[in-house]
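Report on the structure given below.
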Amino acid sequence: MKAGYILMAALGAALILFGLLPVAYAYPYSSGPDSGPRTFWELMLIFSYENGTASVVIGILLLLLAASMLFFLNNKTAAA
């Protein structure tokens, strides 16, 4: 059960990092309207530009939920 909360927190942190990629990296160059990404990294940057804000919000919510659940789990086991 505790491993699930830790996994949820790790997923939240990964989503936050994914959503913050546009802050550190510029949009990938494209030579024309129908040119696609050349590498997987460029594809990830394009996805992060398109839904970066949603990723950050979902990541923060997952981190808060996981932290609160771990906090309540620790208080529940300490009281028992």
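Computed from a predicted structure; not experimentally measured. Any value given below was found using the heavy atoms of this structure, including those in side chains, with hydrogens, waters and symmetry copies removed.
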To the nearest 0.5 Å, how far apart are CD in E50 and OH in Y27? 6.0 Å
How many angstroms lie between CG in L21 and CZ in F47, if you round to the nearest 0.5 Å? 13.0 Å
Any residue meeting side-chain contact (heavy atoms from CB on, under 4.5 Å) with L62, in chain and number order, not counting sequence neighbours: M8, L11, L15, I58
In terms of hydrophobic clusters joined by side-chain contacts under 4.5 Å, are [X] and [Y] together?
X   : Y   : result
V23 : V57 : no
V56 : L63 : yes
L43 : Y25 : yes

Closest approach of [X] to [Y] (non-hydrogen atoms, all atoms of both residues):
X   : Y   : answer
Y5  : A66 : O-CB, 3.4 Å
S48 : F18 : CB-O, 3.3 Å
I46 : P37 : CD1-CB, 4.1 Å

